[in-house]
Amino acid sequence: MFGIENYLGFILAAILLNITPGTDSMYIITRSMSQGQTAGFYSVFGIISGILVHTLLAALGLSVLLANSPFAFTLVKYIGASYLCYLGFKMLTSKPVPLLASNLPIEEKVASTRPLDRWQIYKQGVITNTFNPKVALFFLAFFPQFIDSSYGNSMLSFLGLGLTFATTGFMWFSCLALLASKFSENLRKNPTIEVILNRISGVIFIGMGVKLLTEKG
């Protein structure tokens, strides 16, 4: 189908790769623990959109540019790393907003005092994934192993595999967002602990940016 070989093997490999701890998983867990379930799910949508962007770029052959051009790879890497550090700095310096003293559930308290900018959270997830050149190189190295070299339209093959990878990733990341937000729900009821969670998240984001910056293609 669409020049894809051993599709079941690809699905199993995609699941294993998705559940392996990485930048995307850490990003979603951090967002969910510090800002709640809604922020976690919008981060998932953003990360998955970034995966689809990489899929399209790989299908169009544009990701080959990153593989063959050290300058392009370094530029994208610096943009991605700088953005992660920027997000981390914002979380470290953001001023806490006290929760209302009421019997409302924690999500309703947060919504009533500090409305989440869902579009902003989604956009940050997209940028974080899209400007990680390691994802583009991974797709170029991994996907061709499951594509019939004699098939005439490899673009369809890349798109099929990318959509499958995004689907398995969406299911896993959604579970992470749900579990992480539920785990930290009681903690976030305490304004002081909520501030600490935000500060820890900021440090983690900066750490991910530094890690991306020091990685080689």
Side-chain angles (χ1 to χ4, degrees), residues 10-58 76 79-81 83-88 90-91 94 105-108 110-111 114-136 138-139 142-143 159-188 194 197-198 200-209 211-212:
F10 175 82
I11 293 176
L12 295 175
I15 292 173
L16 289 175
L17 288 169
N18 279 314
I19 65 177
T20 301
T23 301
D24 291 342
S25 297
M26 185 61 68
Y27 179 85
I28 291 168
I29 290 173
T30 302
R31 277 288 193 189
S32 302
M33 290 190 67
S34 63
Q35 293 181 286
Q37 181 175 309
T38 299
F41 281 131
Y42 273 86
S43 295
V44 172
F45 295 143
I47 293 295
I48 295 302
S49 295
I51 290 176
L52 294 178
V53 170
H54 281 294
T55 296
L56 183 60
L57 292 178
V76 172
I79 293 174
Y83 189 70
L84 280 170
C85 291
Y86 164 73
L87 292 180
K90 282 188 65 177
M91 299 193 80
S94 62
I106 181 66
E107 291 293 340
E108 294 182 25
V110 173
R114 186 183 51 205
L116 289 173
D117 188 339
R118 293 172 172 81
W119 167 247
Q120 186 73 7
I121 293 173
Y122 167 78
K123 183 175 64 175
Q124 290 171 351
V126 175
I127 295 175
T128 297
N129 186 274
T130 301
F131 284 95
N132 185 349
K134 303 292 287 187
V135 178
F138 167 74
F139 277 21
F142 181 57
F143 284 12
L159 290 176
L161 293 176
L163 288 173
T164 301
F165 191 86
T167 300
T168 58
F170 176 78
M171 292 187 291
W172 171 247
F173 292 147
S174 295
C175 291
L176 285 182
L178 180 61
L179 292 174
S181 62
K182 291 299 182 183
F183 173 78
S184 63
E185 184 174 359
N186 289 330
L187 296 177
R188 282 181 283 112
E194 185 185 24
L197 287 175
N198 278 323
I200 293 175
S201 298
V203 172
I204 291 175
F205 280 4
I206 293 174
M208 289 192 295
K211 182 177 183 298
L212 176 59

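We count residues from 1, following the sequence as given.
- Taking every heavy atom of both residues into account, I121 and A39 meet most closely at CG2-O, 3.5 Å.
- Note that CG of L52 and CG of L57 are 11.0 Å apart. Values are rounded to the nearest 0.5 Å.
- How far OG of S43 is from CD of Q35: 7.0 Å, rounded to the nearest 0.5 Å.
- A donor-acceptor pair under 3.5 Å links the side-chain atoms of H54 to the main chain of T130, judged by distance alone.
- The structure places CG of L163 at 13.5 Å from CZ of F170, a figure rounded to the nearest 0.5 Å.
- Residues Y122 and S49 bring a donor and an acceptor atom of their side chains to less than 3.5 Å of each other.
- The list of side chain to side chain donor-acceptor pair (under 3.5 Å) pairs with a residue in residues 160-177, not counting sequence neighbours, reads Y7-T164, N18-T168.
- Side-chain contact check for Y42 versus W119: every heavy-atom pair is 4.5 Å or farther apart.
- With sequence neighbours left out, the side chain to side chain contact (heavy atoms under 4.5 Å, CB included) criterion links D24 to I47, N129, F173.
- For the atom pair CD1 (I48) and CE (M171), the distance works out to 10.0 Å, reported to the nearest 0.5 Å.
- Side chains of S32 and L176 form no contact here, defined as non-hydrogen atoms less than 4.5 Å apart.
- In this structure, the side chain to side chain contact (heavy atoms under 4.5 Å, CB included) partners of L178, at least two apart in sequence or on a different chain, are Q37, F41, K182.
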Using side chain to side chain contact (heavy atoms under 4.5 Å, CB included), reason through N132 and V135 one step at a time and then give a plain yes or no. CA-CA 6 Å; N132 185 349; V135 178; 3.9 Å; yes
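- In this structure L17 satisfies the side chain to side chain contact (heavy atoms under 4.5 Å, CB included) test together with F138, F142, F165, sequence neighbours excluded.
- Applying the side-chain hydrogen bond (donor to acceptor under 3.5 Å, both in side chains) rule to Y27 yields the partners R31; only residues at least two apart in sequence or on another chain are considered.
- The shortest heavy-atom contact between I19 and L16 is CG1-O, 3.3 Å.
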